[in-house]
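Beneath this line is the structure, given in structure tokens, with notes to follow.
Please read all numbers here as calculations on a predicted model, not as lab measurements.
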Amino acid sequence: MTAILRLRPEVLDYLETTLCRLKKEHSECLMSCLLDRLSEPPLTTTLRMNLQKASADEISQKLHTVLVEQYAKRQGFQPEIYIHPQVTDCLVVNNRGPESIVMIEKEVIVDAVCGAAVLRGSDVYACGILAAPSGMQPGDVVSLYADLNGLCRRGLVKPFDGPKCFLGNGRACVSRHDIFSSERRGLGIEMIEPLYLAPSLSGVLTDLIFPQNLPSIVCVHVLDPHAGETVLDMCAAPGGKTTHIASLMKNKGHVIALDKSKNKIAKIKENLSCWGLSCVNVYCFDGTKSVSTSDGLPLTGPPPYSVHSFDRILLDAPCSGLGRRPMLSNDMSLQEVKSYPPLQKKLFQKAFELLKENGVLVYSTCTITLEENEDQCYPTTCHCKKLSHIHLCRKNYFRRLLNC
């Protein structure tokens, strides 16, 4: 796939400044390479295993059985699954692509978010379909494209001539009439020849595996929570890292999970229940207000909490998300990008106040800007005697992402 990611010019300039600070030579070439990589899906899918319920070999075998059946409906080759050699609670599935696929005259257009999900292995749900050919019926084979600039009008019949990205071929599960005559939900297009072949994991072994990018899995291992400790997940939604923390603690100890979005709290609780984890209390609360001036407040109740209350804190901060892959479209303004660092700074400061002496704080984002990463850590740590060690993984990340 050629580089297709489009960003606003001022955001492109901003990212190029980041690259110049990190690697001063050849920044223009690196910028092109970065946009190319960000628009492509990873060539592996990683899944965290629930080792409290089954062994790694048992989970791997169950997943293999599911994927053999799933892949038979696509290109038909055998899935490659293995346990990560260093992260032993992580299963890795090798993806494949881009494949050489003959495009079909009938075209279906989906939005960019749906398109990114298809590149990661998903089928197409009806709610993500923007346009379909006249007379499309269940069983019809169609070529699927993502609308890159949000220009496709929902219900369009004629071919869409705006910027679009080919995703592969699929088979219609419903008619065009059913898609656009009501708020249709459920499967709309089953992918049979995806451009990138990756597992579709929606609803698959949900009590045994949790699809999660490798950096998200690693950051909880860096936190290294132990049974019996008190741990805070400061911005917890959707709960993947929360379940990981409780799992590594063997469901023994006390985990507090905060998120200020009411709509996301239910998902955190659902994930915890699915994995049978009971040592976590979840609260809808703003992390920037999580510190109390009172001493000795119990951790058995809701926030705020007294200073020096937690052995370990994970701050997976809200961010601009400019490191997510694949990213087919992003219309974020520079003002929006720059709105995150002030919030991150507030959260970082509160996390330090809540951390016990000799405690561990892990700060993570899914973005690549300096202002949201190194520039958050260094000013705080320079003025905080409590922090004795800081480790940054930026250089290795860019080397892997840019393959140079």
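The two residues Lys289 and Pro304 come nearest to each other via the heavy atoms O-CB, 3.6 Å. Considering all non-hydrogen atoms of both residues, Thr206 and Trp275 come closest at O-NE1, 3.0 Å.
Ion pairing of Asp259 with Lys264 is absent here, as no side-chain N (NZ or NE/NH1/NH2) approaches a carboxylate O to less than 4.0 Å. Between Asp140 and Lys106 a salt bridge is recorded (basic side-chain N to carboxylate O distance below 4.0 Å). Glu229 and Arg312 are joined by a salt bridge, as a carboxylate oxygen and a charged side-chain nitrogen come within less than 4.0 angstrom of each other. Salt-bridge formation is detected for the pair Asp123/Arg74: a Lys NZ or Arg NE/NH1/NH2 atom is positioned less than 4.0 Å from an Asp or Glu carboxylate oxygen. For Lys164 and Asp147, the salt-bridge test fails: no basic side-chain N is under 4.0 Å from an acidic carboxylate O.
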Under the side chain to side chain donor-acceptor pair (under 3.5 Å) rule, what do Asn263 and Ser261 come out as? Steps first, then yes or no, please.
-> CA-CA 5 Å; Asn263 295 334; Ser261 173; 4.9 Å; no
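For the pair Asn271 (side chain) and Pro238 (backbone), a donor-acceptor distance under 3.5 Å is present. Judged by distance alone, the side chain of Glu107 and the main-chain N or O of Leu144 form no donor-acceptor pair under 3.5 Å. Of the possible polar contacts, none joining the Arg324 side chain to the Cys366 backbone as a donor-acceptor pair under 3.5 Å is found. When atom types are taken as modelled, the side chain of His244 and the backbone of Val220 share no donor-acceptor pair closer than 3.5 angstrom. Side-chain N or O atoms of Gln344 include one that pairs as donor or acceptor with a backbone N or O of Pro318 at under 3.5 Å. Looking only at distances, no side-chain donor or acceptor of Arg120 sits under 3.5 Å from a matching main-chain atom of Thr45.
Residues Asp311 and His226 bring no donor and acceptor atom of their side chains to less than 3.5 Å of each other. Counted by atom type alone, Glu270 and Ser273 present zero donor-acceptor pairs between their side chains at under 3.5 Å. Residues Ser320 and Thr367 have side chains that bring a donor and an acceptor to within less than 3.5 angstrom of each other. With 3.5 Å as the limit, one finds no donor-acceptor pair spanning the side chains of Glu371 and Tyr340. Residues Ser55 and Asp57 have side chains that never bring a donor and an acceptor to within less than 3.5 angstrom of each other.
Once rounded to the nearest 0.5 Å, the distance linking CG of Leu148 with OG of Ser329 reads 6.5 Å. Distance check, rounded to the nearest 0.5 Å: CG of Asp233 to CG of Asp316 gives 7.5 Å. If you take NE2 on His221 and CD1 on Ile217, they are separated by 7.0 Å, rounding to the nearest 0.5 Å. Taken from CG in Leu297 to OG in Ser309, the straight-line distance is 7.5 Å, to the nearest 0.5 Å. Here Thr365 contributes atom OG1 and Gln376 contributes atom CD; the two are 9.5 Å apart, rounded to the nearest 0.5 Å. Of the inter-residue distances, the one linking Asp89 atom CG with Ile83 atom CD1 reads 10.0 Å to the nearest 0.5 angstrom.
In this structure the side chain of Glu99 never reaches within 4.5 angstrom of the side chain of Glu193, judged on heavy atoms. With a 4.5 Å cut-off on side-chain heavy atoms, Thr369 and Leu15 count as touching. Residues Thr88 and Met49 fail the side-chain proximity criterion, which asks for heavy atoms closer than 4.5 Å.
The side chain to side chain contact (heavy atoms under 4.5 Å, CB included) test with Leu322 is passed by exactly one of Leu34, Asn330, Leu5, Leu38: Asn330. Partner of Leu214 under the side chain to side chain contact (heavy atoms under 4.5 Å, CB included) criterion, chosen from Thr46, Val92, Thr44: Thr46.
Annotation: cation-pi pair Arg96/Phe77 present, NZ/CZ under 6.0 Å from the ring centroid and within 45° of its normal.
Between Phe310 and Tyr305, the ring-plane angle classifies as perpendicular under the 30° and 60° cut-offs.
No more than 12 heavy atoms of other residues, nucleotides or ligands shown are found within 6.0 angstrom of CZ on Arg171.
The aromatic ring centres of Phe160 and Tyr145 sit 6.0 Å or more apart.
Remark: Phe210 pairs with no residue by the ring-ring contact (aromatic ring centres under 6.0 Å, His included) rule, at least two apart or across chains.
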